[in-house]
Amino acid sequence: MQIPAPFDYVRATTVENALELLARHGPESRIIAGGHSLLPMMKLRLARPEWLIDINDLFELDFILQGGGELRVGALTRHSTLLESEEIARLFPIVRDAERVIADPVVRNRGTIGGSLCQADPAEDLSTVCDVLGAVAVVRGPGGERILSMRDFHRGPYQTAVGADELLSEVRFPVRPRSSSAYEKVERRVGDWAVGAAGAAVTLAEDGSIAEAAVGLTALGLDHTVEAAAERLRGKQPSEELYAEAGALAAEACDPVADQRGPVDYKRHLADELTRRVLRRACARATGTAEQTQEG
């Protein structure tokens, strides 16, 4: 079956209007922006919404703003905008790393950060990015705003804390000095879902040691971050031996499944190797950031 079930369509004009439409049409309504996840599911009858509420006119949700020690990104911000933003690349190079390997230009031109996070696909790249960066999600509903950590926002595969009458409005990233990040993905072909991927974010102390760190995995059976790796990294000087220890802990923490993309042993190897690579790159980038700050 490649034809969606019958549905009605309405185009929201403001965030308040979108919330009114969600309340009016109930749990059988769905928000649509890029539609690259929802429409294929509708064609396969895996999703059968009675109403589609189009939010592409809500330009108030399309922004990138820095201030108050954080970077705010509107939920309607397109992947292509994230990829091309020099401000984001400077503060969070992990975002550009990930956006370069998300699907293809057609998807990146239409897909949004909000749609990716709300789909909550275990193989989705930006969920890992937001986890390791310590981002929070701002959810709007009839009762006002709620601010949720990624741990609270994502409740499992294809499940989030966004209620049927609520809307993800923005994502906020804390900006920390002497910090950087990296992401690397293995895929069978360009634009495919990940066989496995890893992301890391580090903050260096003044003596060059790792003050804070986070490591996350994509498509490898791990929810959120590898706490054991963060504990091992914290307070240590960056080194190949340290990266290897963190990689081994990531491989131990993940719980991949064998499928057409590879056996379990191969995926655990990816967790180990990719963790080493992203930590190496994130620490190198953070060292460069710290040197620029001292020179300034």
Side-chain angles (χ1 to χ4, degrees), residues 4-42 47-82 85 87-88 95 107-121 124 126-127 129-130 133-155 158-175:
F7 62 90
D8 287 304
Y9 170 91
V10 62
R11 202 170 182 93
T13 55
T14 64
V15 171
E16 290 71 21
N17 179 229
L19 295 175
E20 291 171 4
L21 291 168
L22 285 169
R24 182 188 310 166
H25 298 301
E28 299 307 317
S29 60
R30 292 287 298 273
I31 293 291
I32 186 168
H36 288 286
S37 297
L38 178 59
L39 292 180
M41 293 179 68
M42 290 174 62
R48 300 172 64 109
E50 295 178 2
W51 281 86
L52 287 186
I53 301 171
D54 190 328
I55 62 168
N56 280 290
D57 287 344
L58 306 191
F59 301 110
E60 60 204 281
L61 297 183
D62 184 2
F63 60 84
I64 298 174
L65 299 171
Q66 183 182 357
E70 62 184 10
L71 186 77
R72 300 170 53 206
V73 178
L76 201 59
T77 305
R78 310 287 174 180
H79 292 297
S80 57
T81 302
L82 296 173
S85 170
E87 183 176 30
I88 288 180
V95 176
V107 172
R108 291 195 292 267
N109 284 338
R110 295 298 301 165
T112 65
I113 184 174
S116 292
L117 294 179
C118 288
Q119 180 68 5
D121 191 306
E124 196 278 314
L126 290 187
S127 295
V129 169
C130 290
L133 291 177
V136 297
V138 181
V139 177
R140 289 180 62 176
E145 285 188 352
R146 295 191 295 142
I147 299 178
L148 304 173
S149 68
M150 285 296 120
R151 186 173 294 275
D152 292 331
F153 180 81
H154 282 127
R155 293 184 171 177
Y158 306 102
Q159 295 181 333
T160 74
V162 181
D165 58 351
E166 292 182 315
L167 181 71
L168 175 64
S169 61
E170 65 179 271
V171 183
R172 298 175 182 172
F173 300 89
V175 177

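The structure displayed is predicted, hence computed values, not measured ones. Throughout, numbering of the chain's residues begins at 1 and tracks the sequence.
Residues in residues 59-68 take part in no salt bridge (Lys or Arg N to Asp or Glu O under 4.0 Å) pair, two or more places apart or across chains. Note on residues 17-37: no pairs pass salt bridge (Lys or Arg N to Asp or Glu O under 4.0 Å), not counting sequence neighbours.
In this structure, A12 and L58 approach most closely via the heavy-atom pair O-CD2, 3.8 Å. The two residues P40 and G35 come nearest to each other via the heavy atoms CD-O, 3.6 Å. Between T112 and A75, the shortest heavy-atom contact is CB-O, 3.4 Å. Across V139 and L148, no two heavy atoms sit closer than the pair CG2-CD1, 4.1 Å.
Residues D121 and S37 form no side-chain contact, since every pair of their non-hydrogen atoms from C-beta on lies 4.5 Å or further apart. Taking 4.5 Å as the limit, every side-chain heavy atom of S29 sits out of range of all side-chain heavy atoms of L52. Within the 4.5 Å cutoff, side-chain heavy atoms of I32 are placed close to those of L39. In this structure, V171 and C130 have side chains that are in contact, with non-hydrogen atoms separated by less than 4.5 Å. Using a 4.5 Å heavy-atom threshold, the side chains of E87 and Q66 count as touching. Under the 4.5 Å side-chain criterion, counting only non-hydrogen atoms from C-beta, L133 is in contact with V95.
When atom types are taken as modelled, the side chain of S85 and the backbone of L82 share no donor-acceptor pair closer than 3.5 angstrom. Using modelled atom types, one side-chain atom of H154 and one backbone atom of L117 make a donor-acceptor pair closer than 3.5 Å. Using modelled atom types, one side-chain atom of N17 and one backbone atom of T13 make a donor-acceptor pair closer than 3.5 Å.
Here CD1 of I64 is found 3.5 Å from CD1 of I88. Values are rounded to the nearest 0.5 Å. Interatomic distance, SG of C118 versus CG of L38, reported as 11.5 Å (0.5 Å rounding).
Every residue meeting the side-chain contact (heavy atoms from CB on, under 4.5 Å) condition with R172, not counting sequence neighbours, appears here in chain and number order: E70, R72, V136, V138, E145, I147, E170. D57 pairs by the salt bridge (Lys or Arg N to Asp or Glu O under 4.0 Å) definition with R11, not counting sequence neighbours. E16 is linked by a side-chain hydrogen bond (donor to acceptor under 3.5 Å, both in side chains) to R140, counting only residues two or more places apart in sequence or in another chain. Residues satisfying the side-chain hydrogen bond (donor to acceptor under 3.5 Å, both in side chains) criterion with N56, sequence neighbours excluded, are D54, R78, R110. A5 meets the side-chain contact (heavy atoms from CB on, under 4.5 Å) test with R45, R48; sequence neighbours excluded. For H25, the ring pair (Phe, Tyr, Trp, His ring centres under 6.0 Å) test picks out W51, with sequence neighbours left out. Qualifying side-chain contact (heavy atoms from CB on, under 4.5 Å) partners for A137, counting only residues two or more places apart in sequence or in other chains: M150, F153, L168. Listed by chain and number, the residues in a side-chain hydrogen bond (donor to acceptor under 3.5 Å, both in side chains) with S116 are H79 (sequence neighbours excluded). In this structure, the side-chain hydrogen bond (donor to acceptor under 3.5 Å, both in side chains) partners of R151, at least two apart in sequence or on a different chain, are E227. Evaluation of the salt bridge (Lys or Arg N to Asp or Glu O under 4.0 Å) rule for R146 yields E166 as partners, not counting sequence neighbours.
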*asked:* Applying side-chain contact (heavy atoms from CB on, under 4.5 Å) to I31 and L22, what does each step give before you reach the verdict?
replied: CA-CA 8 Å; I31 293 291; L22 285 169; 4.1 Å; yes
